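Structure record follows, encoded as structure tokens.
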Amino acid sequence: MATSKQLQFIADDAISLEVRKGLGATPKRLPAKLFYDEIGSALFEQITELPEYYLTRTERSILEGFAGEILQQAGPSLTLVELGAGTASKTCILIEELLHRQRRALFYPIDVSPSALDEAMRQLGRQFPSLRVNPIVGDYTGGVPALGRISGRKLVLYIGSSIGNFEPCEAIGILRRIRRTLRPDDALLLGADFAKSPKILLPAYDDSQGVTAAFNKNILARLNRELDADFDLDQFRHIALWNRRHSRMEIYLESMAAQSVFIPALDMDLSFEPEERIHTENSYKYTDEMIVSILRQSGFTLEQTWCDRKKWFGVHLARV
Ligand code: AVJ
């Protein structure tokens, strides 16, 4: 008979369930959102400053160049909402321009990370005294009903190319749920990375300093920290591939040997063959047609696109 001492506690929180499902599957996978613990978020910040990672700086330059046009197109008297705002570092560009056009403004940053929202509050409060910030802690992928209760014209920002981490059908689901909270005058501003040569894409996801490799491996380090697992990080290598058929970058962790790993919190034994991979991320790269298609299928119409001169990154304004 089992005594209470022999009964093990098996973790059953949301993360544990997803890890169990992903690492129990063939081929093995882990959800990309697991990247973003405190260490992973800091590593991502570092990625955005790498010479090879053009996305963040290209999107920022588009916002800097076209903030006036974007707000003009969105319409007068705007309230800003940002999905996955993080510390809202690129949003400042739009807020600054907005406060040239109207005396005061409201901003609803939405993010799963309370600490990121605190940081956004501090920064924005200091920089823009006439901005009222109402942070919302939560996951926007299931929709944010509270947005439906905001009065006045909204511009919903979904920038940063986060949409690229979702399968197109999931992206449509997310956009649909957002659309339900919008009225006819409201608009969506969607930032997405364009499909381009793998000569540009591959280094962006496999940089020479190894920051992206560290970002990817942090997911295993996190399982070691949080679930007491014994992944040997030196026995896995970071792999980035361009999948042309699906128009996406794919990120993997590849086992460098036959090895076994134990995850005590899940009471889970894993074995890896040499070169066996864990799929950790897809990053979809959109063509104009794909953008039009996901917007249309989620009930939006594309009104205008702004991009950089090389057409590496696009910022799209859509309406219900
Ligand atoms: C935060 C989803 C936009 O896909 O480019 C960066 C994450 N992964 N390097 C992206 C990421 C590897 C990033 N997004």
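Not measured: the values here are computed from a predicted model. Just follow the structure's listing: the first ligand is 1, and inside any ligand the first atom is 1. For the numbers below, each heavy atom of this structure counts, side chains included, while hydrogens, waters and symmetry mates do not.
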Quick check on contacts: which atoms of ligand 1 are under 4.0 angstrom from a heavy atom of [X]?
X      : value
Phe44  : 1 (C), 6 (C), 7 (C), 13 (C)
Phe215 : 8 (N), 12 (C)
Ser283 : 4 (O), 5 (O), 10 (C)
Asn165 : 2 (C), 4 (O)

Mind checking whether Phe35 contacts ligand 1 via backbone (N, CA, C, O), side chain (CB onward), both or neither, at a 4.0 Å heavy-atom cut-off?
-> neither
Side chain, backbone, both or neither: which part of Tyr284 comes within less than 4.0 Å of ligand 1 when only heavy atoms are counted?
->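 The answer is neither; Tyr284 stays 4.0 Å or more away.
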With a 4.0 Å cut-off, would you call Asp139 and Lys33 a salt bridge?
-> no
Is any side-chain N of the basic residue among Glu119 and Arg122 closer than 4.0 Å to the acidic one's carboxylate O?
->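 Looking at Glu119 and Arg122, the cut-off is met.
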Close N or O approach (Tyr36, ligand 1; < 3.5 Å) =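 In this structure, Tyr36 places no N or O atom under 3.5 Å from an N or O of ligand 1.
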Would you say Tyr205 and ligand 1 have an N/O pair spaced under 3.5 Å apart?
-> yes
Check whether any side-chain N or O of [X] sits under 3.5 Å from a backbone N or O of [Y] as a donor-acceptor pair, and report yes or no.
X      : Y      : answer
Asn165 : Glu281 : no
Asn216 : Tyr252 : yes
Glu69  : Phe66  : no

Which residue and heavy atom of the protein sit nearest [atom], plus the separation:
atom                    : result
atom 13 (C) of ligand 1 : Tyr53 OH, 3.3 Å
atom 3 (C) of ligand 1  : Gly160 O, 3.1 Å
atom 8 (N) of ligand 1  : Glu281 OE1, 2.7 Å

Answer with yes or no whether the hydrophobic clustering places Val320 together with Leu157; edges join I, L, V, M, F, W, Y residues whose side-chain heavy atoms lie under 4.5 Å apart.
-> no
Check Glu254, Gln259, Met256 against Phe236 for a side-chain contact (heavy atoms from CB on, under 4.5 Å) and give me the one that passes.
-> Gln259
Within less than 4.0 angstrom of ligand 1, does Ser161 place any heavy atom?
->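 For ligand 1, residue contact (heavy atoms, under 4.0 Å) with Ser161 is present.
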For this output row, return yes or no: ring centroids of Tyr36 and Phe215 closer than 6.0 angstrom.
-> yes
